[in-house]
Engineer: 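A single structure is presented below for examination.
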2 protein chains.
Amino acid sequence: MTPVFAHGSLRLYLLKLLADRPRNGYEIIQALSERFGGTYSPSAGTVYPRLAKLADEGLVVKTSDGSKNVYEITDAGRAELERRADELDAIEDEVSDSVRRLADEVRTGVNDAMRSLRAELASAARDARTAPTEEPVTTPHETDSRTESRVALYEIETAVAQFRKDLRSDLRTAISAGKVVDRDLVTTARSELARVRELLRPS
Amino acid sequence: MTPVFAHGSLRLYLLKLLADRPRNGYEIIQALSERFGGTYSPSAGTVYPRLAKLADEGLVVKTSDGSKNVYEITDAGRAELERRADELDAIEDEVSDSVRRLADEVRTGVNDAMRSLRAELASAARDARTAPTEEPVTTPHETDSRTESRVALYEIETAVAQFRKDLRSDLRTAISAGKVVDRDLVTTARSELARVRELLRPS
DNA sequence: CTATCACTCGCGATATATCGCGTTATTCTT
DNA sequence: AAGAATAACGCGATATATCGCGAGTGATAG
């Protein structure tokens with residue numbers, strides 16, 4: 001996965017957050033998450049090493065306050081921020097773009113389908129393991145066609161996930177090209193999806 | 001959210017895992033996650049207090065091994081397991097059901113749409129904040145219709161998410177009723193979704 | 001016998017820290 | 001100046017621990 005923050009960008013951004021007010025590591029993670037609408041949350045493994053490095057360089061000071069470690073910006077840190085104020089604006093734009101791309105990847109829901117299949121298989125494996133000890137509820141053939149159905153279900157789900165992704169991409173492109181996505185289209189979407197649902201009801 | 005493990009079930013299950021072999025907290029989380037196809041992962045806040053309690057009761061012993069704390073079952077622990085062996089079988093079934101329910105909730109993807117809207121709004125808010133400092137790229141009216149389009153996009157996405165949920169529910173019901181979901185249906189699904197996508201292309 | 005009250009339990013949220021992979025930037029060497 | 005070695009960086013995975021809410025459970029006082 002492409003990183004959200006480019007080389008050295010996070011460092012500067014953390015410094016900016018600490019210039020606002022002293023914070024602990026967790027608050028910084030939350031601040032970043034909030035700033036990007038909950039779409040991007042930096043991991044602890046991203047934030048803590050960076051804070052430690054900034055402390056090494058003397059741009060912040062770490063104060064242990066009970067179980068929390070509060071980080072405060074120093075004069076040297078503020079100087080660094082002023083020196084590279086122009087970079088900060090650029091970073092904010094880049095990160096916004098990055099986050100939008102990330103949101104697209106997440107929303108496509110390919111992961112969902114994968115997890116779904118894994119759950120199906122785990123469930124099937126359990127059935128197979130449990131069944132032999134008792135009366136066989138399902139004949140061999142029934143088990144086969146059930147597995148077949150599960151795979152078909154998975155493929156349909158994947159198709160829907162792809163559809164979702166494509167549709168979203170279409171509409172986003174249209175919007176940024178200045179075209180208007182209106183209420184009529186919402187209505188059409190709803191009725192068409194209902195129709196397809198009816199059509200796919202197994203007989 | 002309904003808990004996956006009922007009262008006292010996790011305690012017993014952890015003991016069972018440690019009867020297999022000594023493990024640290026993280027390995028236990030992984031073992032549980034694997035057991036349920038990656039759908040359910042107990043949080044650290046669930047596992048660690050339980051392990052500490054088991055250690056208090058003398059059913060396991062905690063051995064510090066560098067940065068890892070390995071837990072090993074004691075004779076008292078093994079006795080407890082034997083005493084309640086019958087409960088264990090029931091637990092495994094209950095948890096399987098619980099996880100299947102959980103998977104359904106996650107897969108519906110309502111959360112996704114919400115996150116999507118939040119990302120849109122965060123992005124829109126940023127545009128509004130940034131624009132005034134430079135030449136206004138978009139006229140007020142353009143901004144309005146763009147926001148309208150975004151809301152429409154959100155509603156369509158919600159409709160698709162609902163469709164996905166309904167379809168899945170339909171098919172699952174059909175499968176458990178013994179009906180076969182065959183390849184034809186997969187083909188139909190693919191072509192119909194392509195048709196809807198074409199239909200929803202904004203003019 | 002039942003109400004209630006303290007206790008237990010599952011679990012998300014809060015909080016911290018390190019390791020190793022892959023990528024990017026920098027510095028050194030030729 | 002080009003290319004190679006090195007350092008720095010972002011980040012997921014690994015690892016641990018506590019707190020507080022809400023729901024379940026058991027005991028005991030009335």
Side-chain angles (χ1 to χ4, degrees), chain A residues 1-15 22-34 36 38-57 59 62-71 87 91 94-95 98-99 101-102 105-106 111, chain B residues 1-15 22-34 36 38 40-57 59 62-71 87 91 94-95 98-99 102 105-106 111:
Chain A
M1 212 71 85
T2 323
V4 171
F5 279 91
H7 234 76
S9 296
L10 180 62
R11 192 186 111 108
L12 211 57
Y13 204 94
L14 293 190
L15 216 49
R23 290 175 152 103
N24 61 36
Y26 196 76
E27 282 176 315
I28 283 178
I29 291 173
Q30 285 180 311
L32 271 158
S33 180
E34 199 186 327
F36 298 111
T39 324
Y40 165 74
S41 286
S43 79
T46 297
V47 171
Y48 288 105
R50 217 50 21 222
L51 286 174
K53 202 73 201 300
L54 285 172
D56 273 359
E57 297 172 281
L59 303 182
K62 174 177 168 181
T63 320
S64 187
D65 171 28
S67 75
K68 301 179 192 177
N69 299 335
V70 180
Y71 293 84
E87 281 182 58
I91 286 173
E94 278 163 36
V95 172
S98 224
V99 164
R101 240 184 303 119
L102 207 71
E105 283 167 34
V106 169
N111 315 330
Chain B
M1 211 70 85
T2 322
V4 172
F5 279 92
H7 233 76
S9 296
L10 179 61
R11 194 187 111 109
L12 211 58
Y13 204 94
L14 292 190
L15 216 50
R23 291 176 152 103
N24 61 36
Y26 196 76
E27 282 177 314
I28 283 178
I29 291 173
Q30 285 179 313
L32 271 158
S33 180
E34 198 185 329
F36 298 111
Y40 165 74
S41 286
S43 77
T46 298
V47 171
Y48 288 105
R50 219 53 16 227
L51 286 174
K53 202 73 199 301
L54 285 172
D56 272 0
E57 298 173 280
L59 304 181
K62 173 177 167 181
T63 320
S64 186
D65 172 27
S67 76
K68 299 179 195 179
N69 299 336
V70 181
Y71 293 85
E87 281 182 58
I91 287 174
E94 279 164 35
V95 172
S98 218
V99 165
L102 207 71
E105 284 167 32
V106 170
N111 317 330

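In the text below, chain A, chain B and the rest are named by the order of the sequence lines, each starting its count at 1.
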Engineer: What are the two closest heavy atoms between B:Ile29 and B:Ala44, and how far apart are they?
Structural biologist: CD1-CA, 4.0 Å
Engineer: Answer with base, sugar-phosphate or nothing: what part of the nucleic acid does B:Ser43 contact at a heavy-atom distance below 4.0 Å?
Structural biologist: base
Engineer: Can you figure out which of D:dA17, C:dG10, C:dA15 approaches the side chain of A:Tyr26 most closely?
Structural biologist: C:dA15
Engineer: Indicate the atoms forming the closest heavy-atom contact of A:Ile91 with A:Tyr13, along with that distance.
Structural biologist: CG2-CD1, 4.2 Å
Engineer: Does OP1 or OP2 of D:dA17 have a side-chain N or O of B:Lys62 closer than 4.0 Å?
Structural biologist: yes
Engineer: Rounded to whole Å, please give me the gap between CZ in A:Arg11 and P in D:dC9.
Structural biologist: 7 Å
Engineer: C:dC11 phosphate, OP1 or OP2: any side-chain N/O from B:Tyr40 under 4.0 angstrom?
Structural biologist: yes
Engineer: Looking only at heavy atoms, which two atoms of A:Leu51 and A:Gly25 are closest? And how far apart?
Structural biologist: CD1-CA, 3.9 Å
Engineer: What integer distance in Å separates A:Leu10:CG from C:dA25:C1'?
Structural biologist: 16 Å
Engineer: Which whole-number value in Å describes the distance from B:Tyr48 OH to D:dG20 P?
Structural biologist: 21 Å
Engineer: How close or far is atom P of D:dG10 from atom CD of A:Glu94, stated in whole angstroms?
Structural biologist: 13 Å
Engineer: Taking all non-hydrogen atoms of both residues, which atom of B:Leu32 and which atom of B:Pro42 are closest, and how far apart?
Structural biologist: CD1-CG, 3.6 Å
Engineer: Give one of base, sugar-phosphate or nothing for A:Gly25, where a contact means two heavy atoms less than 4.0 Å apart.
Structural biologist: sugar-phosphate
Engineer: Take B:Asn24 and B:Glu27 through the test side chain to side chain contact (heavy atoms under 4.5 Å, CB included) and record every step on the way to the result.
Structural biologist: CA-CA 5 Å; B:Asn24 61 36; B:Glu27 282 177 314; 3.3 Å; yes
Engineer: Looking for any heavy atom pair under 4.0 Å, which part of the strands does A:Thr46 touch: base, sugar-phosphate only, or nothing?
Structural biologist: base
Engineer: How long is the line joining CD1 of A:Ile29 and C1' of D:dG12, in whole Å?
Structural biologist: 13 Å
Engineer: Tell me which nucleotide among D:dC11, C:dT14, C:dG10 gets nearest to the side chain of A:Gln30.
Structural biologist: C:dT14
Engineer: Could you check how far CG of B:Leu51 sits from C1' of C:dC9, rounded to whole Å?
Structural biologist: 14 Å
Engineer: Under 4.0 Å, heavy atoms only, any strand: does B:Phe5 hit a base, just the sugar-phosphate, or nothing?
Structural biologist: sugar-phosphate
Engineer: Counting distance alone, no hydrogens or angles: does the base of C:dT23 have a donor or acceptor under 3.5 Å from a partner atom on the side chain of A:His7?
Structural biologist: no
Engineer: Atom CG of B:Asn24 and atom C1' of D:dA13: how far apart are they, to the nearest Å?
Structural biologist: 13 Å
Engineer: What does B:Pro42 touch in the nucleic acid at a heavy-atom separation under 4.0 angstrom: a base, only the sugar-phosphate, or nothing?
Structural biologist: nothing
Engineer: Phosphate oxygens OP1/OP2 of D:dA17: is one of them under 4.0 Å from a side-chain N or O of B:Asn69?
Structural biologist: yes
Engineer: Select base, sugar-phosphate, or nothing to describe what A:Ala6 touches, counting heavy atoms under 4.0 Å on all strands.
Structural biologist: sugar-phosphate
Engineer: If you measure from CZ on B:Arg23 to CG on B:Leu14, what distance do you get to the nearest 0.5 Å?
Structural biologist: 10.5 Å
Engineer: Could you state the atom-to-atom distance from OH of A:Tyr13 to P of D:dC11 in whole Å?
Structural biologist: 13 Å
Engineer: Between B:Ala44 and B:Gly8, just flag the one whose closest nucleotide in DNA chain C comes earlier from the 5' side.
Structural biologist: B:Gly8
Engineer: Counting only side-chain N and O atoms of B:Lys68, is one of them less than 4.0 Å from OP1 or OP2 of D:dT16?
Structural biologist: no
